[in-house]
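Report on one structure; see the data block that follows.
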Amino acid sequence: MNKDTEKKIGNNIRILREKCGLTQDELAAKLQLNGCDITRSAVAKIEVGQRHLYPDEIVLIKQILNVKYESIFETE
């Protein structure tokens, strides 16, 4: 994936997470409770585009943040 695209998607996730009033720790904990092996550090890296997202993480982030995929993948 294009690095700029990864940064934009990560930033979208950060914005959506903050709108839900969740910290990185809280999002990581909710992901873990749903079977996703992820740390707060990994969430931070995703948000700045330094770590790739796995499909199961995308599905769970969408569900936890209660958003549409379009909100996550908006790049314009």
Side-chain angles (χ1 to χ4, degrees):
M1 190 181 291
N2 179 298
K3 198 67 173 164
D4 289 333
T5 302
E6 286 187 358
K7 285 181 181 179
K8 180 61 179 160
I9 290 170
N11 190 56
N12 291 345
I13 291 170
R14 179 189 58 80
I15 290 167
L16 295 167
R17 173 184 58 75
E18 289 175 346
K19 282 184 182 178
C20 288
L22 295 175
T23 65
Q24 291 174 342
D25 275 323
E26 291 168 331
L27 178 56
K30 287 179 181 282
L31 287 163
Q32 290 167 5
L33 288 172
N34 284 282
C36 188
D37 186 22
I38 193 168
T39 63
R40 187 224 40 95
S41 177
V43 170
K45 288 179 180 179
I46 288 168
E47 290 184 353
V48 296
Q50 293 179 349
R51 181 185 174 280
H52 297 295
L53 278 161
Y54 293 99
D56 60 330
E57 294 170 345
I58 296 167
V59 171
L60 288 174
I61 288 170
K62 176 201 175 288
Q63 292 171 356
I64 291 166
L65 300 180
N66 194 30
V67 296
K68 297 180 179 183
Y69 288 114
E70 291 83 2
S71 299
I72 295 171
F73 291 110
E74 178 63 42
T75 58
E76 293 184 25

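Worth saying up front: this structure is predicted, and the values here are computed from it rather than measured.
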Would you please name every residue forming a side chain to side chain contact (heavy atoms under 4.5 Å, CB included) with A29, sequence neighbours left out? none

Does the side chain of I13 reach to within under 4.5 Å of the side chain of L53, using non-hydrogen atoms? yes

About how many Å separate CG of L33 and CD1 of I64, when rounded to the nearest 0.5 Å? 8.5 Å

Please report the shortest heavy-atom distance between L31 and E57, naming the atom on each side. CD2-O, 4.3 Å

Backbone N or O of E76 within a donor-acceptor pair of the K8 side chain at under 3.5 Å? no

Cluster check Y54, F73: I/L/V/M/F/W/Y, side chain < 4.5 angstrom: no

Nearest 0.5 Å please: distance from the CD atom of E47 over to the NZ atom of K7. 14.5 Å

NZ/K30: more than 12 non-hydrogen atoms of other groups inside 6.0 Å: no

D56 side chain vs C36 backbone, donor-acceptor pair below 3.5 Å: no

Taking L22's backbone N and O only, do any of them form a donor-acceptor pair with R17's side chain (distance below 3.5 Å, no angle check)? yes

Do any N or O atoms from the side chain of Q32 and from the backbone of I38 form a donor-acceptor pair under 3.5 angstrom? yes

For the residue pair D4 and N2, what are the closest heavy atoms and their distance? N-OD1, 2.7 Å

Flag side-chain contact, heavy atom, 4.5 Å: Y69 against V59: yes

dist S71:OG -> I61:CD1 (nearest 0.5 Å) comes out at 13.0 Å

Look at the side-chain heavy atoms of Ile, Leu, Val, Met, Phe, Trp and Tyr, link any pair under 4.5 Å apart, and say whether I15 and I9 land in one connected group. no

Output for pair (L16 CG, L27 CG), nearest 0.5 Å, gives 10.5 Å

Determine the minimum heavy-atom distance between H52 and I46, stating which atoms define it. O-CG1, 4.4 Å

Note, N34 side chain near Q63 side chain (heavy atom, < 4.5 Å): no

Going by the rule salt bridge (charged side-chain N to carboxylate O under 4.0 Å, His left out), which residues pair with E18 if we only count those two or more places apart in sequence or in a different chain? R14

